[in-house]
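Data first, discussion second: the structure below is written as structure tokens.
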Amino acid sequence: TNTQHQYRSESSLGQNPLSCRTLSTRRELYERDFPVYKQPVEVGCFSLDSERRFFNDSRQMRYYMEPDRNPNFNLRDGYRDRFIKRDDSVKERLDHILRWIVANKSKINPTGAAASPRALDVDFVTWRGHLTKLLTTPYETREGWLLAVTRFRGTFYISEVETEAARRERENRTERHEEMMYWGYKFEQYTCADNTHSLPDPGGVVNTNEAFCTVVQTRLADHRLLFSGEVDCRDKDPKAPAAPACYVELKTSAEICTPKQRSNFHRFKLLKWWAQSFLPGVPRVVAGFRDQEGVVVSVETFHISKISHLIKNEYNCWKPTVCMNFCCDFLSFVKRVVTEDSPRVVYLFSWDPYKDVTYSAHRDAQYCFLPHWYVEEMTR
Ligand code: A3P
Ligand code: MG
Ligand code: MG
């Protein structure tokens, strides 16, 4: 039966499965044993300051201060007068990760580029957020995606391209939606301190340019991954386990008042929360449940390893194995499709809900995303 399973995720366009041009996202096709996913190892970190400048260090790390179980945090406070919002029309692509790679080449390539036919000893370089989108794809019914892939010196770089639909949504957000996007960051300010011997400062400015990012290495089946993701804060106890096990993800969500709301929370929210934190090995999510007026009425901790048990009673619910197997098969699909190794060639993978994944190849500059400084640094 193993041979039957080998290519079952692909639609059978041709006799030879290797010639298939599409990848199915139907859930049933990915219900098999959980693939090998190695414990993610933090290989480094970087920070982005209040002006979005890169630093090869942990200066933006924050420390989790456990709040009251019923804290009454007002998330609307400061939206008008103490909020500096990152310009999300600026597309940073993989640039920050690439800067980290250039600054830390020796850490990920112990034998040195000269000893290896590859510039980097990994198969894929990407953002954690792009992998989160892949994990949730078999269950996504609203938003499609576009992922650009360039093969350069044997490594596949995956960088998201904003879809037309996403751009329209971003440019036409309601005032209410704009404010609600602030609430998540305000909750972080109420629960995080800048160092272990200080307290959170709810009177300060919320600046969403600031970020602390972890860089982790791991393996999904035969895919060696290097990715980075933003981390909200860490356990302030100096005796806490090493990163990423000491990290804490913060979330806000509407308070749950009815069985229907609880079911939706399990089916949709917990899927996103699980995928985002499972990938880099962040063990817990602290959730602030807020009312319609943006007041946090309760706080609850969710352990990532327990989420799959929490959802088991939901009918027709999402399954971690489907998420991981789809991601794994997508990465295999990329390896088969993306054959030309050149920083000037981009393969654009495209997906819309209820459709298969398709791709197109581009030789024009429009989609190129590896900067010249990176190509030059890795070619010397
Ligand atoms: P919530 O997660 O509480 O909704 P993160 O939780 O990933 O650290 O992100 C912090 C906040 O950024 C989120 O708070 C949300 O307000 C905003 N945010 C994250 N991803 C977003 C997205 N794709 N679109 C819009 N806002 C987003
Ligand atoms: Mg965050
Ligand atoms: Mg968060």
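Whatever order the structure lists ligands and atoms in, that order sets their numbers, starting from 1. Since we're looking at a predicted model, the values are computed, not measured. Side-chain atoms are counted along with the backbone in the values below, which use heavy atoms only and exclude waters and symmetry mates. In this chain, residues are counted from 1 in sequence order.
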- For the Mg ion (ligand 3), find the closest N/O/S atom on D232 and give its atom name. OD2
- Among all protein non-hydrogen atoms, which one is nearest to atom 13 (C) of ligand 1, and what is the separation to 0.1 Å? G184 CA, 4.3 Å
- Query: If you measure from each heavy atom of L250 to ligand 1, is any distance below 4.0 Å?
  - Reply: yes
- Distance-minimising heavy-atom pair for T150 and S342: CG2-O, 3.3 Å
- Message: Could you check whether F302 and F265 have their ring centres less than 6.0 Å apart?
- Response: yes
- Polar atom proximity, Y182 to ligand 1 (N or O, under 3.5 Å): no
- Item | Which atom of I311 lies closest to which atom of W318, heavy atoms considered | CD1-O, 3.3 Å
- Message: Please tell me whether Y374 and Y157 form a close aromatic pair, meaning their ring centres lie under 6.0 Å apart.
- Response: yes
- Mind checking whether the Mg ion (ligand 3) has an N, O or S of L250 under 2.8 Å? yes
- Query: Any idea which atoms of ligand 1 are less than 4.0 Å away from a heavy-atom of E249?
  - Reply: 5 (P), 6 (O), 7 (O), 8 (O)
- Please confirm whether Y185 comes under 4.0 Å of ligand 1, counting heavy atoms of the residue only. yes
- the Mg ion (ligand 3) has as its nearest N, O or S atom from E249 the atom OE2
- Query: Nearest protein heavy atom to atom 15 (C) of ligand 1, by residue and atom, and its distance?
  - Reply: M181 O, 4.0 Å
- Message: Taking 4.0 angstrom as the limit and counting only heavy atoms of E230, give me the atoms of ligand 1 inside it, by number and element.
- Response: 8 (O)
- Message: At under 4.0 Å between heavy atoms, is it the side chain or the backbone of D232 that contacts ligand 1, or both, or neither?
- Response: side chain
- Should R52 and D95 count as an ion pair when the cut-off is N to O under 4.0 Å? no
- Message: Could you identify the single nearest non-hydrogen protein atom to atom 9 (O) of ligand 1 and state the distance to 0.1 Å?
- Response: E188 OE2, 4.5 Å
- Message: Under a 3.5 Å cutoff, is there a donor and acceptor pairing between the side chains of K107 and Q217?
- Response: no
- Of R290, R173, Q276, K186, the residue with the heavy atom nearest atom 7 (O) of ligand 1 is Q276
- Task: Decide if the gap between the ring center of F124 and the ring center of H223 is smaller than 6.0 angstrom.
- Result: yes
- Query: the Mg ion (ligand 2) to E230: any N/O/S contact under 2.8 Å?
  - Reply: yes
- Message: We want to know whether Y247 and E42 form a side-chain donor-acceptor pair, criterion being a heavy-atom distance below 3.5 angstrom.
- Response: yes
- Enumerate the atoms of ligand 1 whose separation from the nearest heavy atom of T252 is less than 4.0 angstrom. 1 (P), 3 (O), 4 (O)
- Message: Looking only at the aromatic ring of each residue, does the gap between the centers of F330 and W351 stay below 6.0 angstrom?
- Response: no
